[in-house]
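Below: the structure, in structure tokens.
The analysis underlying the following values was restricted to heavy atoms, covering all of them including side chains, and did not include hydrogens, waters or symmetry mates.
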Amino acid sequence: MLKIAHHKAYIHPLPEGHRFPMVKYELIEEQLLYEGLITSKNFFKPELASKETVCLAHDELYVESLLHLQLDAKMIRRIGFPLSQKLVDRERYIVDGTIQSAMYAQQFGISFNTAGGTHHAGFDFGEGFCLLNDQAVAASYLYGKHLADRILIIDLDVHQGNGTAHIFQNHSAIFTFSMHCDKNFPFVKERSYLDIPLEVGLSDKTYLTILKQHLDHLFDKINPDFVFYQAGVDILETDKLGKLKISARGVRKRDQMILQTCFDRKTPVQISMGGGYSPHIKDIVNAHVGTFRAAIDIFSF
């Protein structure tokens, strides 16, 4: 069965006019059910990740400050959300959702979190709407429990996965791959195992050619036994923060390429949603749902 982490806490109230499209987490669930791609039985509800679990990938002092709502004003501005207990709990649910999703992926080949992909959170900082790095914690969990020996994190959000790169910059068995728009946030980049900076305005054909070339090489070189996929849809040409020119069809082909590669190589894959900032919410939701559709088709659910 395709298992999907989802919690009502993912839909967190924000100030009027805030540019983060929080409503998408509710609409992804509704659209999946409306299209009949899944049923309510596919969803599972995560728990609050413990401090000890979160500290597998994050600095204890940063985590303590976060849990006790004692982050300084500069860090809160860097994150971009008003700090509250409900917001911190939301992040802890997302982290546990991705850990449990990874465990299900080992059982069924693939699994999802309807939120997550919080790749701007580094070892001792939050940034860009990310407080805790769900896939980094989950990767550390799998590795620490000897459930995976060589882990590849594929980050195809339009923004570099700087936080994930920061956390694993010196790790010998967790490899980070970020393919992102170069002239875009974050303006100070971290160093991933492999970074592919893309030119502003890049379109489908070139994007997919570059991805295919590096994807095959990475799998051959690393031979991962687990993959985390950050499937941001802010590469869309409609995205107001993206700066690339990838069509909805191009995003679908991207997802199919990643998931077909994992399927063919029998490598379990966990997927978190990542970013998306198109002005029309339907463009964001349809692109995210397309990732689920690709998984259902390729893995024959």
Side-chain angles (χ1 to χ4, degrees), residues 1-13 21-50 53 86 89-118 132 134-135 137-139 141-142 145 147-148 154 225-233 251-252 254-256 258-274 276 281-301:
M1 173 179 280
L2 181 62
K3 301 297 289 184
I4 303 167
H6 187 72
H7 197 288
K8 63 181 181 180
Y10 289 1
I11 304 98
H12 181 75
M22 193 68 72
V23 69
K24 78 176 186 178
Y25 300 113
E26 180 178 8
L27 297 177
I28 290 169
E29 176 198 24
E30 292 178 356
Q31 190 66 23
L32 288 169
L33 292 169
Y34 175 77
E35 293 188 21
L37 294 171
I38 50 107
T39 71
S40 59
K41 294 180 180 179
N42 292 93
F43 291 109
F44 69 89
K45 184 185 294 186
E47 305 293 333
L48 288 169
S50 68
T53 297
K86 286 187 176 181
D89 287 349
R90 173 184 185 268
E91 294 282 318
R92 293 171 65 193
Y93 283 125
I94 290 172
V95 167
D96 185 69
T98 295
I99 292 172
Q100 290 196 55
S101 176
M103 303 292 285
Y104 279 122
Q106 290 194 314
Q107 184 177 354
F108 299 116
I110 191 168
S111 184
F112 281 81
N113 195 338
T114 59
T118 45
L132 300 171
D134 63 303
Q135 290 186 318
V137 176
Y141 181 91
L142 290 186
K145 296 287 186 182
L147 297 173
I154 298 172
D225 54 10
F226 197 92
V227 167
F228 288 92
Y229 176 31
Q230 205 273 25
V233 300
V251 175
R252 289 196 299 272
R254 176 202 70 170
D255 292 340
Q256 290 165 354
I258 299 297
L259 301 187
Q260 190 67 57
T261 300
C262 291
F263 180 81
D264 291 345
R265 296 185 183 240
K266 297 181 172 57
T267 308
V269 54
Q270 187 280 329
I271 304 172
S272 292
M273 291 294 93
I281 192 69
K282 66 179 178 60
D283 292 328
I284 303 173
V285 173
N286 286 340
H288 281 313
V289 169
T291 312
F292 288 86
R293 191 179 292 110
I296 290 165
D297 289 345
I298 292 168
F299 285 78
S300 301
F301 287 109

Do side-chain atoms of Gln106 reach the backbone of Leu147 as a donor and acceptor pair under 3.5 angstrom?
yes

Can you tell if the side chain of Glu26 reaches within under 4.5 Å of the side chain of Val285, non-hydrogen atoms only? no

* Taking the side chain as C-beta and beyond, is there a heavy-atom pair between Met273 and Phe292 under 4.5 Å? -> yes

For residues 104-113, the salt bridge (charged side-chain N to carboxylate O under 4.0 Å, His left out) pairs (sequence neighbours left out) are none

| Between Ser101 and Asn113, is a side-chain hydrogen bond (donor to acceptor under 3.5 Å, both in side chains) present by the stated rule, with each step listed? | CA-CA 7 Å; Ser101 176; Asn113 195 338; over 6 Å; no

query = Do the side chains of His12 and Tyr25 get nearer than 4.5 Å, heavy atoms only?
reply = no

#### Entry: Between Asp134 and Thr118, a side-chain donor and acceptor under 3.5 Å
yes

Taking C-beta and beyond as the side chain, do Gln270 and Phe226 meet within less than 4.5 Å on heavy atoms?
yes

Discussion item. Check the orientation of Phe301 and Phe299. Use parallel for under 30°, tilted for 30 to 60°, and perpendicular for over 60°.
Written reply: parallel

### Message
So Ile110 and Tyr229, do their side chains get closer than 4.5 Å, heavy atoms only?
### Response
no

Salt bridge (charged side-chain N to carboxylate O under 4.0 Å, His left out) pairs touching residues 287-301, sequence neighbours excluded, are Glu35-Arg293

Quick one: does any side-chain atom of Ser111 pair with a main-chain N or O of Lys3 as donor and acceptor, under 3.5 Å?
yes

Taking the six-membered ring where the residue is Trp, are the ring centres of Phe44 and Tyr104 under 6.0 Å apart? yes

